[in-house]
Q: 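Sharing a structure below in structure tokens format, with a few things to ask.
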Protein chains: 2
Amino acid sequence: MRAEPLDAATIVSATEDVLRRHGPGKATVLDVARALGVSHGSVYRHFASKQALREAVIRRWLDGVRGDLVAATREPGLAPPDRLRRLLTTMFAVKWRKAREDPELFATFRVLAAEHSAVSAAHVAALLDLIRAIVADGMAGGDFAPGDPALLARDVFHAVTRFVDPSHAAEWSSPAIEAESDGVLSLVLDGLRAR
Amino acid sequence: MRAEPLDAATIVSATEDVLRRHGPGKATVLDVARALGVSHGSVYRHFASKQALREAVIRRWLDGVRGDLVAATREPGLAPPDRLRRLLTTMFAVKWRKAREDPELFATFRVLAAEHSAVSAAHVAALLDLIRAIVADGMAGGDFAPGDPALLARDVFHAVTRFVDPSHAAEWSSPAIEAESDGVLSLVLDGLRAR
DNA sequence: TAGATGACAGATTTCAAATATTGTCAGCCG
DNA sequence: CGGCTGACAATATTTGAAATCTGTCATCTA
């Protein structure tokens with residue numbers, strides 16, 4: 001039936017396809033096995049449970065998002081305030097684009113992320129660390145007022161919740177959303193500069 | 001069966017009780033009529049539909065919340081920055097308390113608010129106006145840098161989304177939530193002061 | 001005669017039986 | 001042998017028939 005040996009990555013990809021096609025509620029392990037042309041027992045050789053399989057899917061998705069983000073931000077010769085603005089607007093743009101391009105798929109990944117909150121929490125922690133590094137840079141160079149970079153990174157992230165948290169995805173289709181995020185960003189950057 | 005004549009306010013109160021008891025999914029017009037000791041036809045004399053009845057309930061609830069808020073903020077002799085901080089922390093506290101005291105009832109009202117987004121939008125607009133008035137005051141007195149008070153009020157409100165938007169109610173049970181809201185509030189107030 | 005009632009049609013919800021899925025594992029196949 | 005299969009028990013989901021609810025209105029009653 002299959003030439004290549006069945007491996008975890010192949011199964012995860014097939015699961016993504018099935019999720020895309022059937023949605024989170026009706027995507028079964030049997031569907032995944034069918035898509036791969038194997039019995040469902042074989043899937044259970046690589047993943048202990050349906051939950052574990054779905055966790056692998058959301059983990060790979062979030063890692064990809066974060067990869068996109070780090071790549072887009074690797075731009076030299078930008079002062080910390082501009083770098084922070086760039087990071088955050090990119091963060092917004094990546095999420096908004098994914099949510100708008102394929103709302104059903106985005107909704108599916110929201111369900112998976114909610115199912116596996118530990119994976120989501122790790123993702124958020126990694127994003128927070130990106131912010132923290134820039135804030136620390138800015139303080140060292142005098143662009144930002146002194147303070148605890150980790151705490152301020154947390155504050156910044158919380159202030160932009162509306163623009164990154166998937167529970168606000170419905171609001172991202174408004175054409176005003178860009179102006180709104182710019183407004184909050186300016187307010188926050190001013191807050192970091194002058195304390 | 002009933003001494004006093006049946007009026008809209010009485011029906012709304014009975015509906016609140018039924019919602020409290022049965023939840024949003026299983027609260028029927030028949031239940032409301034039963035609670036009042038009348039036939040369901042009588043309820044339809046005062047409200048055109050079940051939707052209209054539920055809208056009256058959520059409208060009264062939100063008006064009450066806003067009343068509490070305005071009352072708690074009517075405190076003289078406070079500079080605009082402190083007044084703004086007071087308004088917002090009170091806003092948080094009112095919501096958090098309601099959500100923690102009776103999570104099921106809070107969830108019920110969330111459902112009603114989602115069903116009647118126009119009513120919720122009006123509520124938000126009224127809250128925004130409270131913020132705008134204080135920001136304008138602060139600009140007039142030199143506490144805040146000059147700017148468009150309406151736009152900045154919008155930015156401030158968006159920055160504290162996480163602490164007022166019911167979709168984040170689950171996060172409000174964390175003991176860290178107070179420190180987190182204080183952090184964002186300080187950042188935002190600094191932003192308003194020094195632009 | 002203003003306000004309340006309850007029978008009624010159509011829409012929605014409920015509940016139990018029928019079907020499908022999850023996860024295990026003894027045995028098969030290359 | 002290492003990996004795959006498919007029968008199987010336990011659990012979860014779907015289905016559709018019965019029950020309930022929404023909204024209307026002709027009729028009643030105070």
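Sequence lines set the chain letters: A, B, ... in the order given, protein chains first and strands last, and positions in each chain run from 1.
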Q: In whole angstrom, what separates A:Arg45's CZ from D:dG6's P?
A: 14 Å

Q: Can you say whether a donor on the side chain of B:His40 sits under 3.5 Å from an acceptor on the base of D:dG23, or the other way round?
A: yes

Q: Quick check for you: to the nearest 0.5 Å, what is the distance between B:Leu36 atom CG and B:Arg34 atom CZ?
A: 11.5 Å

Q: Would you call the rings of B:His40 and B:Tyr44 parallel, tilted or perpendicular, taking 30° and 60° as the class edges?
A: perpendicular

Q: Provide, to the nearest angstrom, the distance between the CD1 atom belonging to B:Ile11 and the C1' atom belonging to C:dA4.
A: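 Rounded to whole Å, this separation is 12 Å.
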
Q: Rounded to whole Å, please give me the gap between CZ in B:Phe47 and P in D:dT24.
A: 15 Å

Q: Figure out the NE2/P separation between A:His22 and C:dT21, and round it to whole Å.
A: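 From A:His22 NE2 to C:dT21 P: 10 Å.
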
Q: Could you pull out all donor-acceptor pairs under 3.5 Å where a side-chain atom in residues 116-126 of chain B meets a protein atom, sequence neighbours excluded?
A:
residue, atom, partner, partner atom, Å
B:Ser120, OG, B:Ala113, O, 3.0
B:Ser120, OG, B:His116, O, 3.4
B:His123, ND1, B:Arg66, NH1, 2.9

Q: Would you mind telling me which residue lines up with the more 5' stretch of DNA chain D, A:Gly25 or A:Ser42, judged by nearest nucleotide?
A: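 Closest to the 5' end, via its nearest nucleotide, is A:Ser42.
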
Q: Between C1' on D:dT22 and CG on B:Leu53, what's the gap in Å once rounded to a whole number?
A: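 Atom CG in B:Leu53 sits about 12 Å away from atom C1' in D:dT22.
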
Q: What's the closest nucleotide to the B:Val38 side chain, out of D:dC4, C:dT22, C:dT5?
A: C:dT5

Q: So, taking the atom named CG in B:Asp143 and the one named CD1 in B:Ile134, what distance separates them when rounded to the nearest 0.5 Å?
A: 12.0 Å

Q: Looking only at side-chain atoms of B:Arg34, point me to the closest of D:dT22, C:dT22, D:dC21.
A: D:dC21

Q: Taking the nucleotide of DNA chain D with the closest heavy atom to each, which residue, B:Leu30 or A:Lys26, is nearer the 5' end?
A: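 Going by which nucleotide is closer to the 5' end, it is A:Lys26.
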
Q: Determine the contact category for A:Thr28: base if any of its heavy atoms lies under 4.0 Å from a base atom, sugar-phosphate if only primed atoms, P, OP1 or OP2 are that close, otherwise nothing.
A: sugar-phosphate

Q: Could you please name the option among D:dG3, D:dG23, C:dA4 that lies closest to any side-chain atom of B:Tyr44?
A: D:dG23

Q: Send over the distance from B:Lys50 NZ to C:dG10 P, rounded to a whole Å.
A: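 Spelled out: NZ on B:Lys50 to P on C:dG10 is 20 Å.
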
Q: Using atom NE2 of B:His46 as one end and atom C1' of C:dA2 as the other, report the distance to the nearest whole Å.
A: 11 Å

Q: In whole angstroms, how far is the C1' atom of C:dG23 from the CD atom of A:Gln51?
A: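 Result: 13 Å.
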
Q: Keeping to residues at least two apart or across chains, list the ring pair (Phe, Tyr, Trp, His ring centres under 6.0 Å) pairs with something in residues 46-84 of chain B.
A: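 Residue pairs passing ring pair (Phe, Tyr, Trp, His ring centres under 6.0 Å), neighbours aside: B:Trp61-B:Phe109.
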
